[in-house]
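First the structure, in the form of structure tokens, and then the observations on it.
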Amino acid sequence: MPASTSFDLPISGMTCASCAGRVERALRKVNGAEQVSVNLANEQARVQAPAGSLPALVEAVRSAGYQVPTRTLELRIEGMTCASCVGRVERALGKLPGVEQVSVNLANERAHLQVLQGLDDNLLLGAVEKAGYGASLPLPADNDQQAVQRRLRNERLAVGAALVLALPLVLPMLLQPFGVHWMLPAWAQFALATPVQFILGARFYVAAYKAVRAGAGNMDLLVALGTSAGYGLSLYQWAKAPAGMAPHLYFEASAVVIALVLLGKYLESRAKRQTASAIRALEALRPERAVRVVDGHEEDVAIARLQLGDLVLVKPGERFPVDGEVEEGNSHADEALISGESLPVPKQPGDSVTGGAINGEGRLLVRTRGLGAETVLARIIRLVEDAQAAKAPIQKLVDRVSQIFVPAVLLIALLTLIGWSLAGAPLQTALINAVAVLVIACPCALGLATPAAIMAGTGVAARHGILIKDAEALERAHAVNRVVFDKTGTLTSGSPRVVHSQALVGEKAEMLRLAAALQRGSEHPLAKAVLDACTGQGLEVPTVTGSQSLTGRGIAGQVQGRELALGNRRLLDECNLQPGALATQAQAWEAEGRTLSWLIERGPQPRVLGLFAFGDSLKPGAQQAISALHERHISSHLLTGDNRGSAKVVADTLGIDDVHAEVLPADKAATVAELKKGGVVAMVGDGINDAPALAAADIGIAMGGGTDVAMQAAGITLMRGDPRLVPAALEISRKTYAKIRQNLFWAFIFNLIGIPLAALGYLNPVVAGAAMALSSVSVVSNALWLKTWKPTSTSQEAP
């Protein structure tokens, strides 16, 4: 039976003794739970239960209707060298009571955790250190970068020293092909090799010791064993050599292997740092200070001192320090690094601005609307960090391989030693071949293959305004073969206007006033169009009472004592009304692609008062987006609540393959689910009513400028409302997934070919060490090619 442990669960939502009793009963039902006590005063439950039952306990509390508060946490991990290290750190943290989720990333040396509220950080740090690694809470961004720079500088110095000391040892081998036969005396080789082995190579011994103490193996153990064997064999050969005879030594093999591995790790560290350049570029956009205006006086203050509603002065050429709304002034904003928009965006009073963007030629006064973690820039950074920290599903295969990789290599090296000895080879030959097996093994390349590509791919995507929420979305998006678009605000501008109107009863102006009254306070694009039309004609809008939204149909209310409603054809049918004299006109306007709204008077004798026709322009780039999808053999679908005529005109103009019109918001998810039966579906939308469909699709893509609800439901968020970013997002996903597969292929092929060659005696330790160093560098360098990517579908302006 699993060992029992004590869990302290924080619980929120309990208000009385009956709540505590309900939680206690729910916890007792968990298999193996005993000694359950719930304290209402401090909102905690203590449970004695089998180790590993935390998820079941948390689910029991939630099923009872209460919450277990959690928090996310990031730790810096030091000393990881390969995929087996990642697995060991994850297991060490995952065993702690209170840790719900843990994901460790070798490329950025971070552990991302979701833990119960109140769990002591020191317990987490201690668990990592007990597993043989260093752990600390992240430093502020500037200090963190300074620490990285110091480490790179120290690694560079160590590499330089190792190469200088190893070069004289390997020089005779390099001169032999030119007929020069020269060898350093044994004492000189010993003097050069010893500091490389035990001073510059001390890091391998320390890490290997920690791994063995934790009952595991890693790359450092292989290097330490292999080079120690070569160094020890050299000492043995030197000691037993007859006086006056030059022994055959292998000091150069151990010293050169350490020098090459150090060089490989240094180059790998530099390359890994470049994969995180997107995060650093975004963090650099955060200004540290702002000019606050109080009662007409300007004062320079730290960003942390600002509050919502403060007035901030932004001079030409400065970065906006906050998210806000322009109160005074006219200018342009360069938002390229935030949204990927290459052209400056005009800004005038009433327009929103984003912290981190660069103000253009004008002096602006901005009212603060977002600060700190709630700014757009902060949310972007969090999304990119979360995506880079997450593991792609394909990584699970690597994790399984890494658990047995080092033990398997040690076994192969032992069999190599025994096999060559049984075959009658001298001890030094058998030992050197075994050393080559140990040295050429590349567990670090396996560990870096996936995270390096994900970091580079999500980073370059963010630079072009494509925010990929998690690695699973990135991996799945490459297989998409159906894209479903919402219409309004996604393919069209979302700013319709009244282009036609016809009254059956009374004057057009009076009909417009009544319709505007119903639309007062509504955020719907059609409501804004009606109100704008009323304002344009200088009409006074009456007061509405009892306003009621009719989901999927329209809006109703009382205006000047009359029961009125404004909505689509579904509302007309619901009231059992016929278009009458407006039927022909309605059919003609629908054929033009117009959206229709009927003004109806309800009551004892319902009747149609008139008809409005709205027009909406297609977004620039919509045509290119659909064409780009077709070029990739991806079918396009239009899913809208609008009338079929309007939807068909848009679809025919853009070349969309299939149309689903007059679909209620509640039915959009069902339509997407039906389409999923024929392939992998991506849903593109921007509104609250699109959120269920975004969640139902294999990949949800939220358009920039859309609602927070849509962005939360989507796996990919486009920072600007350009439809061409849709094929671009699928393109970077495909290229990133291709890099992951290439990296895993090369990582596996290095080992599948290199280890047998070394075991058969075809590789000496020096060549094996060079190949091992090259494998990690090549994997990260291959991932870095993604940084050159530019979206082909947005490379030119739409006509």
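What you are looking at is a predicted structure, and each value in this text was computed from that prediction instead of being measured.
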pair [X]-[Y]: side-chain heavy atoms closer than 4.5 Å:
{"X": "Leu262", "Y": "Arg203", "answer": "yes"}
{"X": "Val460", "Y": "His464", "answer": "yes"}
{"X": "Ile755", "Y": "Ile412", "answer": "yes"}
{"X": "Leu165", "Y": "Leu200", "answer": "yes"}
{"X": "Leu760", "Y": "Thr416", "answer": "no"}
{"X": "Lys739", "Y": "Asn782", "answer": "yes"}
{"X": "Met80", "Y": "Ile77", "answer": "yes"}
{"X": "Leu222", "Y": "Leu410", "answer": "yes"}

Under 3.5 Å, side chain of [X] to main-chain N/O of [Y], donor-acceptor pair present?
{"X": "Asn764", "Y": "Val767", "value": "yes"}
{"X": "Thr227", "Y": "Ser254", "value": "no"}
{"X": "Arg76", "Y": "Ser136", "value": "no"}
{"X": "Gln189", "Y": "Leu184", "value": "yes"}
{"X": "Thr194", "Y": "Phe190", "value": "yes"}
{"X": "Ser778", "Y": "Ser775", "value": "yes"}
{"X": "Asp220", "Y": "Phe204", "value": "no"}
{"X": "Trp420", "Y": "Pro426", "value": "no"}
{"X": "Thr788", "Y": "Trp785", "value": "yes"}
{"X": "Glu90", "Y": "Val104", "value": "yes"}

The test is salt bridge (charged side-chain N to carboxylate O under 4.0 Å, His left out); show your working for Arg71 and Glu100 and say whether it passes. CA-CA 10 Å; Arg71 64 187 174 104; Glu100 278 202 305; over 6 Å; no
Can you confirm whether more than 12 heavy atoms, excluding those of Phe748, are under 6.0 Å from its CZ atom?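 Yes, enclosed.
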Within a reach of under 6.0 Å around CZ of Phe198, are more than 12 heavy atoms found that belong to other residues, nucleotides or ligands?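 Atom CZ in Phe198 is crowded, with more than 12 foreign heavy atoms closer than 6.0 Å.
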Locate the shortest heavy-atom distance separating His478 from Arg734; write the atom from each residue and the value.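 Scanning both residues, the minimum pair turns out to be CB-CA, 3.6 Å.
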Where is the tightest heavy-atom contact between Leu123 and Leu96, given as atom of each residue plus distance?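 What the structure gives for the nearest pair is O-CD1, 3.6 Å.
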Passes side chain to side chain contact (heavy atoms under 4.5 Å, CB included), Asn743 versus Thr450? Steps please. CA-CA 7 Å; Asn743 282 352; Thr450 300; over 6 Å; no
Separation between [atom1] of [X] and [atom2] of [Y], rounded to the nearest 0.5 Å:
{"X": "Asn433", "Y": "Leu757", "atom1": "CG", "atom2": "CG", "value": "11.5 Å"}
{"X": "Ile440", "Y": "Phe750", "atom1": "CD1", "atom2": "CZ", "value": "8.5 Å"}
{"X": "Thr736", "Y": "Leu474", "atom1": "OG1", "atom2": "CG", "value": "5.0 Å"}

Full working for side chain to side chain contact (heavy atoms under 4.5 Å, CB included) between Phe405 and Asn751: CA-CA 10 Å; Phe405 186 86; Asn751 291 293; 3.2 Å; yes
With no hydrogens and no angle check, do the side chains of Tyr205 and Gln197 hold a donor and an acceptor under 3.5 Å apart?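 Yes, a side-chain donor-acceptor pair sits under 3.5 Å.
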Looking just at side-chain N and O atoms, do Glu731 and Trp789 make a donor-acceptor pair shorter than 3.5 Å?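 Short answer, yes.
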Under the criterion side chain to side chain contact (heavy atoms under 4.5 Å, CB included), I'd like the reasoning laid out for Leu124 against Leu73: C-alpha separation, chi angles, the key distance, then a yes or no. CA-CA 10 Å; Leu124 301 170; Leu73 180 69; 3.1 Å; yes
Lys210 and Tyr133: CA distance, side-chain angles, deciding distance, side chain to side chain contact (heavy atoms under 4.5 Å, CB included) verdict: CA-CA 8 Å; Lys210 290 179 178 179; Tyr133 302 92; over 6 Å; no
